[in-house]
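Working notes, beginning with the structure itself.
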Amino acid sequence: MIYSMTAFSRTEKKADWGSAIFELRSVNQRFLDLQFRLPEIFRHLEPKLRQKLQNKLSRGKVDCNLKFEISSSITPEITINPNLALSLSKNIDSLKQLTGLEGQVDWTRFLQWPDMVQFQAKDMTEAESEILKLFDQSIQELVDNRAREGDSLHQLIRSRLDDITEQVAKVNEQMPAIMTWQRERICQKFEEAKIKLDSERLEQELVLIAQKMDVAEELDRLNTHVTEFHRILESGGAIGRRMDFLLQELNREANTLGSKSVNSQTTAASVELKVLIEQIREQVQNIE
């Protein structure tokens, strides 16, 4: 099975500790690029989440977003450090007596004093465990979606490969007729120029032209590359890079076929091959 790099997943969980929503968006990328947006309370989970994705994916840019709403039952309790507050108050009174300064004190500014505000965090063990399980579900949904998209790409690519094989077969069928047409064309040129050419010289000229026109090797390589492409498709897994390389080889043979073309039929076949190869390339860009 092949996998597309373009997919989306969304999973949600509600419990006594609150609610969590994971959204994963994946697009094509040459390497694996993971981006996380997590609430500060779960920032420490990023290494674990990153490792989970790396175990499942090999390519693609993945944006991971966690939306979390905490329940009032586990909301951290906020208290004031009474000893620190009392000490600051006494020192303020002493400062007024020493300096004779008057005026109101903005007590809210003292909340910013280090260790003045204390948090009594509740146990988040259950919430963290559930969020990690939810992330596993999100990854599996993403992988399933990538697989479904990959199956569609598989069918499209197979169809284009069949079209390439058909074009190669057409050129092979046309080659004898093309050689006959070329022989007649040469004879006609000599007749028009009123040049008498013996049969031996004619055959030599035809052999030279045939060598220049010979595309049997290119056609064989095109068929070989198509066969290899099918093999890679059936092998599945992370195959995008190998397919991209093979497309370069297919395109090279199609270009050579065009450069050796001597009539409109082989030229049209070369152009059609390059169109089909480019269509496959567009699909391969999304394959993992």
Side-chain angles (χ1 to χ4, degrees), residues 2 4 28 149-236 239-287:
I2 67 174
S4 169
N28 60 322
E149 179 69 17
D151 185 61
S152 297
L153 295 176
H154 189 166
Q155 300 305 319
L156 287 170
I157 292 173
R158 283 182 62 90
S159 175
R160 300 299 184 274
L161 290 173
D162 290 343
D163 291 341
I164 289 176
T165 301
E166 183 179 343
Q167 289 297 322
V168 172
K170 285 181 179 179
V171 175
N172 265 321
E173 291 174 0
Q174 293 167 1
M175 288 312 298
I178 291 173
M179 293 300 299
T180 300
W181 168 81
Q182 188 68 6
R183 179 188 181 95
E184 294 173 352
R185 182 168 172 268
I186 292 173
C187 291
Q188 183 180 358
K189 290 290 185 182
F190 283 129
E191 288 177 4
E192 291 174 355
K194 297 181 178 180
I195 297 175
K196 186 177 182 180
L197 190 66
D198 60 49
S199 59
E200 184 178 350
R201 179 66 184 276
L202 177 60
E203 291 302 323
Q204 290 175 352
E205 292 294 329
L206 289 173
V207 168
L208 290 174
I209 292 172
Q211 289 175 346
K212 293 180 180 179
M213 292 171 51
D214 185 19
V215 293
E217 187 176 351
E218 285 74 17
L219 297 177
D220 287 342
R221 281 200 290 261
L222 281 167
N223 280 327
T224 299
H225 294 331
V226 168
T227 300
E228 177 64 11
F229 222 108
H230 280 296
R231 189 194 67 78
I232 292 174
L233 276 174
E234 297 307 319
S235 68
I239 58 176
R241 291 194 183 96
R242 283 184 290 165
M243 295 171 74
D244 194 55
F245 171 77
L246 201 53
L247 283 170
Q248 296 178 31
E249 299 303 310
L250 281 166
N251 195 61
R252 182 179 293 111
E253 303 305 332
N255 283 329
T256 304
L257 180 64
S259 67
K260 291 185 175 182
S261 174
V262 293
N263 70 351
S264 59
Q265 292 176 317
T266 52
T267 299
S270 173
V271 171
E272 183 63 21
L273 284 172
K274 286 188 279 188
V275 169
L276 292 169
I277 292 167
E278 187 58 33
Q279 289 175 347
I280 295 175
R281 190 190 307 280
E282 291 175 359
Q283 306 302 329
V284 167
Q285 298 307 308
N286 288 322
I287 292 179

For residues 268-280, run the donor-acceptor check on the side chains, cut-off 3.5 Å, and write out each pair with its distance to 0.1 Å, sequence neighbours left out.
residue, atom, partner, partner atom, Å
Ser270, OG, Ala254, O, 2.9
Ser270, OG, Gly258, N, 3.4
Lys274, NZ, Asn255, OD1, 3.3
Glu278, OE1, Arg281, NE, 3.4
Gln279, OE1, Arg160, NE, 2.8

Please list every donor-acceptor pair under 3.5 Å in which a side-chain atom of residues 240-251 meets a protein atom from a residue at least two apart or in another chain.
residue, atom, partner, partner atom, Å
Arg241, NH2, Arg30, O, 2.8
Glu249, OE1, Arg252, NH1, 2.8
Glu249, OE2, Arg252, NH1, 2.7

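Judged as a side chain to side chain contact (heavy atoms under 4.5 Å, CB included), and not counting sequence neighbours, the contacts of Asn28 are Met5, Gln285, Asn286. Applying the side chain to side chain contact (heavy atoms under 4.5 Å, CB included) criterion to Thr227, with sequence neighbours excluded, gives no partner residue.
Legend: salt bridge (Lys or Arg N to Asp or Glu O under 4.0 Å) pairs involving residues 163-175, not counting sequence neighbours, sorted by first then second residue: Glu166-Lys170.
For the atom pair NE2 (His230) and CD1 (Ile157), the distance works out to 10.5 Å, reported to the nearest 0.5 Å. Rounding to the nearest 0.5 Å places CD1 of Ile232 at 7.0 Å from CD1 of Ile239. Here the straight-line distance linking atom CD1 of Ile287 with atom CD of Glu149 works out to 9.5 Å at 0.5 Å rounding. For the atom pair CG (Asp162) and CD (Gln167), the distance works out to 12.0 Å, reported to the nearest 0.5 Å. Taking CG of Leu222 as the start and OG1 of Thr256 as the end, the distance is 9.0 Å to the nearest 0.5 Å.
Using a 4.0 Å cut-off between charged nitrogen and carboxylate oxygen, Glu228 and Arg231 count as a salt-bridge pair.
Using a distance-only test at 3.5 Å, with no hydrogens or angles considered, no donor-acceptor pair links the side chain of Ser159 to the main chain of Gln155.
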